[in-house]
There are 2 protein chains.
Amino acid sequence: MTVTCLPECGVARFLALLNGPWATLIVRELLPGPRRFTELREALPGISPHTLTSRLRQFETYGIVIRTTYPEIPPRVEYRLTAAGQRLREVLDAMAAWATSIPDPESHSVSSAATQNAADASTAHIG
Amino acid sequence: MTVTCLPECGVARFLALLNGPWATLIVRELLPGPRRFTELREALPGISPHTLTSRLRQFETYGIVIRTTYPEIPPRVEYRLTAAGQRLREVLDAMAAWATSIPDPESHSVSSAATQNAADASTAHIG
DNA sequence: CGGCATCCTCCGTGATACTG
DNA sequence: CAGTATCACGGAGGATGCCG
């Protein structure tokens with residue numbers, strides 16, 4: 001599944017632009033306002049500078065994020081969402097609203113319909 | 001970034017449940033109504049049965065999808081969204097709405113702010 | 001038809017070290 | 001501070017073959 005250009009389908013387009021586990025989380029951190037490189041790094045426990053740079057550069061290419069360099073000492077770089085990036089707030093909100101409505105996968109009361117070979121989901125956890 | 005249980009943050013929870021490029025697309029195909037295995041396969045050009053099974057099983061574990069086996073000849077299996085899964089429609093809609101509002105990344109008229117070291121995004125395409 | 005088993009590839013990511 | 005360079009890993013995903 002290698003995409004050379006953006007797909008037609010909106011959902012697929014979204015996935016092509018915000019791919020990987022970190023992408024969406026970075027956008028989340030940028031929603032409140034501009035952030036510096038280190039601020040993002042500290043706000044995203046576990047992310048490596050390599051990954052952060054990579055995602056940020058991709059967003060820049062897509063026109064989701066604007067990178068602004070202030071020639072100071074010490075150097076300062078700010079990342080801020082473009083208008084297009086800001087519109088992602090609605091999507092993230094929808095994601096969060098849905099996810100918080102999902103109970104931790106423990107009580108899956110599967111109501112049998114046909115031959116529901118109901119594998120005991122009661123013991124299933126997130127591996 | 002290995003998650004053993006669902007994160008607190010809604011966005012992160014969402015990403016943990018609908019990870020990978022195919023997951024969301026599968027949900028998209030299930031939104032209109034129940035689908036059979038082969039139907040999903042044909043609706044998702046390029047997906048392998050391995051991946052399709054894997055994602056479907058994960059959704060089942062999460063309580064997003066219900067798998068129903070009809071003991072017929074030939075065998076028939078239907079996948080349908082649970083109530084929780086149906087609520088994903090809003091999220092997918094938000095994704096699609098946003099993505100279709102994003103122009104193909106060619107005209108990024110970056111309006112300089114400070115020292116916008118505007119790397120010529122004009123030649124940048126989606127690799 | 002609807003899988004599962006096995007092997008292999010790809011790439012997002014992490015760890016570490018180094019630079020302007 | 002804000003990266004870049006290099007190496008390595010892991011898990012999603014693909015290819016193929018076999019089974020109920």
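A note on names: the letters A, B, ... follow the listed sequences, proteins ahead of strands, and every chain is numbered from 1.
Summarising the geometry, the separation between CG on A:N19 and C1' on C:dC10 is reported as 13 Å, rounded to the nearest angstrom. Note: CZ (B:R55) to P (D:dG11) measures 12 Å, nearest angstrom. Summarising the geometry, the separation between CZ on B:R57 and C1' on D:dA12 is reported as 17 Å, rounded to the nearest angstrom. Protein atom CG of A:L56 is 11 Å distant from nucleotide atom P of D:dA2, rounded to whole Å. As a whole-Å value, the separation of B:Y70 OH from C:dG3 P is 13 Å. To the nearest angstrom, C1' of D:dC1 lies 11 Å from CD of A:E72. Rounded to whole Å, atom C1' of D:dC1 lies 10 Å from atom CD1 of A:I73. Rounded to whole Å, atom C1' of D:dT4 lies 13 Å from atom CG of A:L52.
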Nucleotides 14-20 of chain C: which of its N/O atoms have a protein N/O under 3.5 Å away?
unit_1: C:dG14; atom_1: OP1; unit_2: A:W22; atom_2: NE1; d: 3.2
unit_1: C:dG14; atom_1: OP1; unit_2: A:G46; atom_2: O; d: 3.0
unit_1: C:dG14; atom_1: OP2; unit_2: A:W22; atom_2: NE1; d: 3.3
unit_1: C:dG14; atom_1: OP2; unit_2: A:S48; atom_2: N; d: 3.3
unit_1: C:dG14; atom_1: OP2; unit_2: A:T51; atom_2: OG1; d: 3.2

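When all heavy atoms of A:L30 and A:Y79 are compared, the closest pair comes out as CD2-O, 3.3 Å.
No donor-acceptor distance shorter than 3.5 angstrom exists from the side chain of A:T100 to the backbone of B:G10, with no hydrogens or angles considered. Formation of a donor-acceptor pair under 3.5 Å by the A:T53 side chain with backbone atoms of A:P49 is found in this model. A:W98 contributes no side-chain N or O that, together with a main-chain N or O of B:R89, makes up a donor-acceptor pair within less than 3.5 Å. Under the 3.5 Å distance criterion, the side-chain polar atoms of B:R13 are matched with a main-chain donor or acceptor of A:A99. Side-chain N or O atoms of B:E39 include one that pairs as donor or acceptor with a backbone N or O of B:R36 at under 3.5 Å.
In this model, the phosphate group of C:dG3 is approached by a side-chain N or O of B:Y79 to a distance below 4.0 Å at OP1 or OP2. Taking side-chain N and O atoms only, A:R67 has a distance below 4.0 Å to OP1 or OP2 of D:dG3.
In this structure, the separation between CD1 on B:I102 and CZ on A:R87 is 5.5 Å, given to the nearest 0.5 Å. Separating the CG atom in A:L18 from the OG1 atom in A:T24 is a distance of 4.5 Å, to the nearest 0.5 Å.
Residues of residues 25-44 of chain A having a heavy atom closer than 4.0 Å to DNA chain D, listed by number: A:R36, A:F37, A:T38.
Residues A:V77 and A:Y70 form no side-chain contact, since every pair of their non-hydrogen atoms from C-beta on lies 4.5 Å or further apart. Side-chain contact between A:V11 and B:L25: present, with at least one pair of heavy atoms (C-beta onward) separated by less than 4.5 Å.
Summary of helix geometry: the two end axes of the helix from C:dC1-D:dG20 to C:dG20-D:dC1, each defined by five base pairs via their C1' atoms, are inclined to each other by 50° (rounded to 10°).
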Test log, rule salt bridge (charged side-chain N to carboxylate O under 4.0 Å, His left out), inputs A:R76 and A:E78: CA-CA 7 Å; A:R76 183 162 62 97; A:E78 265 190 5; 3.4 Å; yes
